[in-house]
Amino acid sequence: MTKQAHAAQMDAIYKVQRHFYDVTRRYYLLGRDRLISRLQPPPGGTVLEIACGTGRNLIAAAKAYPDARLYGLDISEEMLVSARAAVQRAGLQDRITLAKGDATDFDPQALFGVKSVDRAYISYAISMIPDWQAAIGQGVAALTPDGRLHIVDFGQQERLPRLFRKGLYAWLARFHVAARADLPQLVDRYYRMGHDVSFERLYGGYAWAAEIGARSPSA
Ligand SMILES: C[S@@+](CC[C@H](N)C(=O)[O-])C[C@H]1O[C@@H](n2cnc3c(N)ncnc32)[C@H](O)[C@@H]1O
């Protein structure tokens, strides 16, 4: 699928869904607030959400870290319409900058005027991005030398009933969402390249959470 076709697909999905996205997703996009609590950017630091959707996470992060500067990009103009309105409503337009961009190919300097960020995160988006490995690569590349990329998304439902997994995956597939079974292997590849990494299975494997540092702590 071309990037244009993918962007059009996201707009088609979210044109209507964006209006009830936040109300419904709070019940099943688990681990997002945990991710935000773990960001812990340095004082006056910068935080980037890759595929920010309605801006729900960015607003929560701005409230959790009152001296941070935040940036969000998304490929869907429909989602950005909701995100801009939400940021305005929260009165955070001076601290949160939004831009249209592709997670698999973006330049923070061109989009936001910053060379790199202290924290980046991808929440429930690698499951929708065809080249999700490239999105993670771009996230790591956008970090300062002490930066960290955080990821949360659907896991493999390892400790949950098999029927639950089957039903969930079938339902997610209707929205072009696919849990990435190879995420642990990719995180391990970063570890072997010298990055400081972590990987956790949350809620019986309902969600997986990973972190990838810009480099090893001893480097
Ligand atoms: C399930 S939503 C998650 C939104 C938000 N991160 C959250 O946690 O609520 C997935 C988002 O990924 C965006 N997206 C999908 N592919 C993308 C890409 N290649 N680049 C940037 N955003 C993308 C969609 O437009 C959508 O806003």
Side-chain angles (χ1 to χ4, degrees), residues 1-39 47-62 64 70-87 90 96-108 110-112 117 119-139 141-142 149-155 168-169 171-180 202 206-210:
M1 180 185 291
T2 65
K3 288 180 180 179
Q4 287 85 349
H6 176 61
Q9 186 178 71
M10 292 301 111
D11 273 338
I13 290 174
Y14 289 116
K15 190 180 167 106
V16 174
Q17 288 207 22
R18 68 184 179 85
H19 297 290
F20 47 88
Y21 181 94
D22 287 335
V23 176
T24 50
R25 267 54 172 193
R26 65 189 299 183
Y27 299 108
Y28 67 90
L29 298 190
L30 307 181
R32 294 185 298 173
D33 292 333
R34 175 186 181 277
L35 180 153
I36 291 165
S37 72
R38 291 176 65 92
L39 289 174
V47 177
L48 166 66
E49 178 164 5
I50 298 166
C52 63
T54 58
R56 177 261 186 207
N57 298 329
L58 282 169
I59 291 167
L70 298 103
Y71 305 98
L73 69 87
D74 201 282
I75 204 166
S76 165
E77 185 54 41
E78 293 286 345
M79 278 304 223
L80 287 169
V81 169
S82 284
R84 286 188 205 107
V87 167
I96 301 177
T97 305
L98 299 166
K100 186 167 180 178
D102 184 340
T104 66
D105 182 18
F106 69 91
D107 174 4
L111 289 183
F112 305 112
V117 292
R119 300 288 181 269
Y121 63 96
I122 315 177
S123 161
Y124 285 94
I126 61 167
S127 53
M128 288 193 98
I129 301 174
D131 192 355
W132 57 277
Q133 298 95 332
I136 290 175
Q138 286 276 289
L149 173 71
H150 298 243
I151 301 158
V152 68
D153 215 303
F154 294 106
L168 177 70
Y169 281 13
W171 182 67
L172 293 175
R174 293 174 52 190
F175 306 102
H176 306 279
V177 176
R180 303 305 184 190
L202 312 176
Y206 180 88
W208 282 358

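Every number for a ligand or one of its atoms is a count from 1 in the order of the listing.
Which parts of ligand 1 touch Met10 is read off a 4.0 Å heavy-atom cut-off, strictly below it: atoms 15 (C), 24 (C), 25 (O). Short contacts between ligand 1 and Gly53, defined as distances under 4.0 Å to a heavy atom of the residue, involve ligand atoms 4 (C), 27 (O). Listed by number with element, the atoms of ligand 1 under 4.0 Å from a non-hydrogen atom of Ala125 are 12 (O). Those atoms of ligand 1 with a heavy atom of Gly101 less than 4.0 angstrom away are 20 (N), 21 (C). Residue Tyr124 approaches ligand 1 through these ligand atoms, each under 4.0 Å from one of its heavy atoms: 1 (C), 2 (S), 3 (C), 10 (C). Every atom of ligand 1 with a heavy atom of Met128 under 4.0 Å away is listed here by number and element: 1 (C), 10 (C). Which parts of ligand 1 touch His6 is read off a 4.0 Å heavy-atom cut-off, strictly below it: atoms 15 (C), 16 (N), 17 (C), 19 (N).
Ranking protein heavy atoms by distance to atom 4 (C) of ligand 1, first place goes to Tyr21 OH, 3.3 Å. The nearest protein atom to atom 7 (C) of ligand 1, hydrogens excluded, is given as Asn57 ND2, 3.4 Å; this is a heavy-atom distance. In terms of protein heavy-atom proximity, atom 12 (O) of ligand 1 is closest to Ala51 CB, 3.4 Å. For atom 13 (C) of ligand 1, the nearest non-hydrogen atom of the protein is Asp74 OD2, 3.4 Å. Scanning the protein for heavy atoms near atom 19 (N) of ligand 1, the closest one is Asp102 OD1, 3.0 Å. For atom 8 (O) of ligand 1, the closest non-hydrogen atom of the protein is Ser123 OG, 2.6 Å. Nearest protein heavy-atom contact of atom 22 (N) of ligand 1 is Ile75 N, 3.2 Å.
Contacts of Thr54 with ligand 1, taken as heavy-atom pairs under 4.0 Å, are absent altogether. Heavy atoms of Glu49 found under 4.0 angstrom from ligand 1 belong exclusively to the side chain. Contacts of Arg25 with ligand 1, taken as heavy-atom pairs under 4.0 Å, are absent altogether.
For Thr54 and Asp22, the side-chain atoms include at least one donor-acceptor pair closer than 3.5 Å.
In this structure a side-chain-to-backbone donor-acceptor pair under 3.5 Å is missing from Asp153 to Trp208. Remark: the backbone N or O of Trp132 is not paired with any side-chain donor or acceptor of Arg180 at under 3.5 angstrom. Under the 3.5 Å distance criterion, the side-chain polar atoms of Asp11 are matched with a main-chain donor or acceptor of Glu77. Between the side chain of Tyr124 and the main chain of Leu30, a donor-acceptor pair closer than 3.5 Å is present.
In plain terms, the two heavy atoms of Ile122 and Leu149 that are nearest each other are CG1-CD1, 4.1 Å.
A 6.0 Å sphere centred on NZ of Lys3 holds more than 12 heavy atoms belonging to other residues, nucleotides or ligands.
Residues Arg34 and Val152 fail the side-chain proximity criterion, which asks for heavy atoms closer than 4.5 Å. Using a 4.5 Å heavy-atom cutoff, the side chains of Met10 and Asp74 are not in contact. Taking the side chain as every heavy atom from C-beta outward, Leu58 and Val87 never approach each other to under 4.5 Å.
Residue His150 forms a side chain to side chain contact (heavy atoms under 4.5 Å, CB included) with just one option from Leu35, Val47, Ile36, and that option is Leu35.
The distance criterion of under 3.5 Å between nitrogen or oxygen atoms is not met by Tyr14 with respect to ligand 1. Here's the thing with Ile129: none of its N/O atoms is less than 3.5 angstrom from an N/O atom of ligand 1. The N/O atoms of Ala103, backbone and side chain alike, include one that comes under 3.5 Å of an N/O atom in ligand 1.
Between Tyr206 and Phe154, the angle of the ring planes goes over 60°, which puts this pair in the perpendicular group of the 30/60° scheme.
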